[in-house]
Amino acid sequence: MQDFSHVLSECEEINQVLHKPINSTQRIKYTCLNVSRNYIILGSTSGSIYLFNREPCTFQQLIPLSEGIVSHVSISPDEKTIALATTRGVVCIVTLKPTIKLVATSTEHAYEKITCLCWNDNSSEVYIGDGTGKVSVVVLSIFTVNGMFQSPSCTLMNLDSSIIQLNFSSPLLLVSTLTRCYICDTVQEQYKQIGNKARNGEFGACFYKVQTDQNIKTATVKKGQDPVKKKSTFNFIPESNSNISESTCPKIFCARPGSRLWEISGNGVVLKTHQFKELLAIPPTKIHKVTMTESEQRKYINQPWTSQSVNFSQLFVIASKYLFSYTSSGLYIFDPVSPKIVLWNNEFTNITMADVIENKIYLMSSSNEFYCLTLFTLDALILHLYYDKQYYNCLETCITYKSELLKLISNKHIDDIFNVENNQQKLLSDEISVLLQPLISILRSNISTSPIKLDSGIVVVHSGNSKPKYNEDQQNKLMDQICSSSESIQMSSTQNPDTGAVVDNVLELNSNLSALEEDLVREIKTELESIHTLASSIKASMTEKEVEEIILNVHKKTDNIEHVQRMSSQSHDLAHDIIYTAKINYLRTFLKNVSTELLHSTTNKFITDHFMDAFILINMYNYKECTCGFPYPIDEIKEPIFIEIGKALLENFVNRSTERCMYLCNRVPYMWREYTSLYIKHQYALEDVLRQCLQIRDSITLSIILPILDVNQWKSITMYLERIKEGKCLSCEKLITVETKYDKPSLNWNKIIFEIMKKDGPDTAITFLKKLEGILPLESFDRRIFQSIIFTKILHHHGLQFAVDFNKCNSNIREYNTMCSSKIQNQLIEVLKKDLGQSVNKNIFGTGSHHWGMQYESNNKSSTCPCCTLSLQTPILLDNNGIAIFPCGHTFHVNCMIEKKLTKCNLH
């Protein structure tokens with residue numbers, strides 16, 4: 001199929017999101033931009049770095065530094081380290097993982113203007129170029145990252161003019177100056193000039209990496225070489241003496257005056273010159289926006305244009321196929337192989353910086369505005385909008401580019417689309433979807449069949465350069481089903497849900513399946529059985545190596561299942577559901593069978609990461625977070641499944657990684673109760689966790705941490721409480737927009753005081769209450785908390801260690817259940833009438849067959865016995881033995897415990 005014309009589309013608005021962290025100040029401005037697979041990094045006039053997630057664009061973290069105004073910033077390929085340059089010529093190295101830390105500074109370019117930063121492929125070296133022509137390197141090692149030693153740095157070259165661009169392809173460094181280009185072998189420590197003709201101006205150069213680096217990577221460090229040995233100045237060699245192998249790197253393109261490019265072999269030999277001056281004698285392509293009309297687009301296309309002489313000051317590879325360059329007023333994308341102009345655009349007049357990742361271009365203007373443009377073929381753009389359920393925008397795009405579509409697709413297939421050209425606003429979304437279906441089928445059948453693997457491991461087939469999002473409603477429905485299944489696992493350690501049953505449940509959720517889809521599901525189901533078998537084979541007695549092998553085998557088999565998924569382009573959402581559900585099922589089985597002791601003894605990061613991912617994925621229900629990464633308040637905090645695994649993870653990480661502990665607790669908020677106790681035990685600074693605990697608003701967690709705060713820490717609390725009243729995040733101070741039952745102005749102080757009393761006794765609760773009244777004199781407390789303290793104190797005085805909660809002394813509260821035998825019910829009523837001096841409603845005794853007339857609180861939603869899974873109020877099982885309630889909250893039929901020979905709760 002002939003290629004459709006290409007379009008630059010502004011599908012995503014990022015400017016407002018990027019500016020949110022600095023909206024409250026006029027003093028701070030952004031100065032530079034860098035983009036990686038997962039992040040957008042911005043330098044600022046304050047010297048700090050602002051870190052954003054890239055897709056979707058959300059603020060993640062402020063990294064404060066004080067080395068001066070940031071002029072350039074670059075993140076390493078492994079996304080663990082950031083290099084930044086300041087206007088004072090200082091280069092700083094900051095680690096992101098495992099912790100954020102300034103680990104090194106270099107003053108090789110002190111008081112000079114740094115123009116370029118460039119990482120090597122394995123993230124162990126960063127190369128720096130400045131305005132005098134000096135090129136230096138900072139070498140990192142494991143010792144540098146851990147803060148043991150300063151990174152070695154040294155000058156490699158002193159060239160004749162300012163460095164314009166640096167580019168790396170292991171083991172070669174490409175250097176472009178105002179006058180020449182040089183190719184450097186970083187292992188042999190030698191470099192040579194490319195070509196003989198000098199130039200004068202800002203011209204870029206880059207390696208033409210047309211595929212991901214898998215095919216072209218060569219280790220920078222050879223066998224036997226010291227990875228952190230002292231670098232020395234590179235030696236200049238003439239072209240005739242070069243021993244640089246062409247096979248070690250891809251082709252090179254260097255910009256030349258007059259819209260020209262040199263095509264250069266891997267060993268630095270000029271092969272040919274490409275002329276683009278006359279090819280640029282075409283009208284610019286307008287940036288695609290859904291508001292653009294066909295007439296606007298046609299008018300733009302029909303403008304006459306003369307040839308252009310452009311200096312390509314920077315060169316980037318875009319979409320693994322084309323080259324991209326820009327000037328202050330133009331964007332240029334060209335195919336260097338054909339050669340031909342893919343498109344160019346002149347709508348931006350003040351571009352100061354640009355970066356490219358995959359098929360996206362990120363622009364920064366002199367007015368501190370940001371743009372994200374995506375390079376699409378027209379068919380891919382239409383599919384993207386359709387997959388994203390932007391049906392109206394998709395129809396508008398088809399009409400706007402009507403002439404392009406008609407050149408490639410027969411009228412009879414798309415006549416219906418253009419027949420509604422003047423009435424599209426009257427159509428409903430579903431009607432537009434049906435109208436577009438014939439066109440979508442044609443485009444989907446012709447687009448590349450190579451799948452895209454998402455970060456989650458899910459493979460998207462026929463993506464059309466888009467990443468269809470997992471349907472949130474489906475996911476919530478699926479998680480509800482998974483959660484209900486997991487309750488049965490929590491209640492009985494002998495039960496193990498079958499993978500086939502899980503898949504059948506997903507089929508039930510998607511009942512309207514075609515025969516083809518059912519065949520696909522059944523085939524995937526067969527493949528999943530092998531994963532279930534592997535998970536079931538895990539034994540508590542297994543060694544660390546045996547467990548690691550099983551995890552690796554599961555990953556391998558998951559890849560095989562994804563191959564099966566590619567068989568159908570129409571059922572990938574359903575296949576995602578099945579694979580995701582099966583993954584949850586496998587992880588539950590894994591955590592149930594594996595030994596918790598392994599977590600206490602292992603230092604294997606691969607295994608601990610697998611435990612961590614499994615525990616979080618199973619227990620992370622409806623997690624919401626602010627754009628800064630702080631968790632939102634939680635409506636209901638539930639005890640997680642496999643809580644012992646969670647405790648072991650915290651104990652494993654508490655002395656090694658505060659960030660990992662917080663990550664776990666934020667996603668499974670119940671674990672803050674365990675972590676704060678550990679944190680206090682190790683005497684760590686409470687300020688580091690205080691804001692998260694306050695924002696989640698879990699009374700039990702706060703009852704652990706608040707009583708031990710000092711005066712200065714309470715000053716912070718009062719400030720945080722003001723933000724809570726205003727509905728603001730305690731990290732970034734943005735308004736919390738998610739609706740929760742905690743949309744109330746303050747914390748539940750009554751519940752916090754009761755939890756303190758329950759844990760430490762009434763005397764401690766009274767002390768805390770007095771302290772609280774002194775700090776927060778206007779805070780009102782419910783009379784029931786005072787009643788609870790008084791009656792609890794009376795019980796303690798008589799030796800009964802029990803906390804009375806007057807908030808729960810209401811028989812109408814649904815979470816309480818009552819049971820009373822009919823044999824004794826009348827006697828109880830008479831006794832109570834005599835004691836109380838008033839009539840008693842017999843409904844308070846319930847209708848069960850137990851003779852104690854007690855009230856009990858059940859942690860089980862369905863009020864069932866874990867042994868028999870029948871209702872706790874089953875008369876025949878209650879008989880004369882009743883129920884047993886353990887301190888943990890689990891409740892059993894006594895008859896069932898006798899039958900099972902249980903003497904304690906077996907759910908822990």
Side-chain angles (χ1 to χ4, degrees), residues 51 53 60-63 79-80 94-101 145-147 587 591 594 596-626 628-634 637-709 713 716 720 729-732:
L51 184 67
N53 291 321
Q60 180 172 327
Q61 189 145 9
L62 168 66
I63 303 174
E79 299 186 316
K80 294 181 179 179
V94 180
T95 58
L96 291 179
K97 301 174 182 178
T99 58
I100 294 178
K101 188 176 184 180
V145 174
N146 288 335
L587 293 174
L591 292 182
V594 77
T596 309
E597 293 302 316
L598 181 61
L599 263 178
H600 292 290
S601 60
T602 185
T603 57
N604 187 321
K605 187 176 182 296
F606 179 74
I607 291 178
T608 55
D609 284 351
H610 192 72
F611 269 103
M612 179 92 146
D613 293 342
F615 181 75
I616 289 175
L617 192 60
I618 289 172
N619 291 293
M620 189 172 71
Y621 310 133
N622 300 320
Y623 173 71
K624 295 281 192 301
E625 67 177 23
C626 182
C628 67
F630 254 49
Y632 274 151
I634 307 299
I637 294 182
K638 303 176 183 177
E639 180 177 325
I641 309 169
F642 307 110
I643 187 172
E644 295 302 321
I645 297 288
K647 291 179 181 178
L649 283 166
L650 292 176
E651 290 169 7
N652 191 301
F653 297 144
V654 68
N655 289 320
R656 298 191 292 126
S657 176
T658 301
E659 288 76 14
R660 298 188 80 185
C661 289
M662 289 185 178
Y663 180 84
L664 187 154
C665 294
N666 284 343
R667 281 151 183 78
V668 188
Y670 183 96
M671 299 310 297
W672 277 110
R673 302 176 182 182
E674 304 294 336
Y675 183 48
T676 47
S677 298
L678 277 174
Y679 205 80
I680 292 167
K681 180 180 177 181
H682 285 80
Q683 298 182 339
Y684 293 140
L686 292 174
E687 290 86 351
D688 294 341
V689 298
L690 192 54
R691 287 181 299 166
Q692 281 100 326
C693 294
L694 283 169
Q695 182 132 315
I696 289 172
R697 306 186 199 179
D698 176 33
S699 298
I700 296 178
T701 301
L702 292 173
S703 73
I704 298 170
I705 199 170
L706 292 180
I708 62 174
L709 298 181
Q713 289 165 335
S716 299
Y720 295 147
C729 171
L730 296 182
S731 175
C732 64

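Just so it is clear, the structure is predicted and the values come from calculations on it, not from any experiment.
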Minimum heavy-atom distance [X]-[Y], with the two atoms named:
X      : Y      : answer
Asn619 : Ile641 : OD1-N, 2.7 Å
Gln713 : Leu690 : O-CD2, 4.4 Å
Phe642 : Phe615 : O-CE1, 3.2 Å
Glu639 : Tyr670 : CA-CD1, 3.6 Å
Met612 : Arg660 : CE-O, 3.2 Å
Thr701 : Asp698 : OG1-OD2, 2.7 Å

Given the rule in the side-chain contact (heavy atoms from CB on, under 4.5 Å) test, do Leu650 and Cys665 qualify, once you have shown the distances and angles that lead to the verdict? CA-CA 9 Å; Leu650 292 176; Cys665 294; 4.0 Å; yes
If you draw a 6.0 Å radius around OH in Tyr663, do more than 12 non-hydrogen atoms from other residues or ligands fall strictly inside? no
Under the 3.5 angstrom rule, does the side chain of Gln695 hit a backbone N or O of Leu730 as a donor-acceptor pair?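 Yes, the answer is positive, given that a donor and an acceptor are paired below the 3.5 Å cut-off.
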Please check if the side chain of Thr676 supplies one atom and the backbone of Trp672 the other of a donor-acceptor pair under 3.5 Å.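 Confirmed, Thr676 side chain pairs with Trp672 backbone.
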Got a second to check how far [X]'s [atom1] is from [Y]'s [atom2], nearest 0.5 Å?
X      : Y      : atom1 : atom2 : answer
Leu599 : Thr608 : CG    : OG1   : 7.5 Å
Asn53  : Gln60  : CG    : CD    : 4.5 Å
Leu706 : Leu694 : CG    : CG    : 6.5 Å
Ser699 : Ile704 : OG    : CD1   : 11.0 Å
Leu598 : Ile607 : CG    : CD1   : 5.0 Å
Lys647 : Glu674 : NZ    : CD    : 4.5 Å

Taking only residues two or more places apart in sequence, or in another chain, which ones meet Pro707 in a side chain to side chain contact (heavy atoms under 4.5 Å, CB included)? Ile756, Phe768
Between Leu617 and Asp613, does a side-chain contact (heavy atoms from CB on, under 4.5 Å) hold up when you go through it step by step? CA-CA 6 Å; Leu617 192 60; Asp613 293 342; 5.9 Å; no
Side-chain touch [X]/[Y], heavy atoms, less than 4.5 angstrom:
X      : Y      : value
Lys681 : Val654 : no
Tyr675 : Leu664 : no
Met671 : Leu649 : no
Phe611 : Val594 : yes
Val689 : Met662 : yes

Can you say whether the rings of His610 and Phe606 are parallel (under 30°), tilted (30 to 60°) or perpendicular (over 60°)?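 Ring orientation, 0 to 90° scale: parallel.
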Test side-chain contact (heavy atoms from CB on, under 4.5 Å) applied to Ile637 and Ile696, step by step: CA-CA 10 Å; Ile637 294 182; Ile696 289 172; 3.9 Å; yes
The criterion is side chain to side chain donor-acceptor pair (under 3.5 Å); which residues satisfy it with Thr99, sequence neighbours excluded?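 Not a single residue meets the side chain to side chain donor-acceptor pair (under 3.5 Å) criterion with Thr99.
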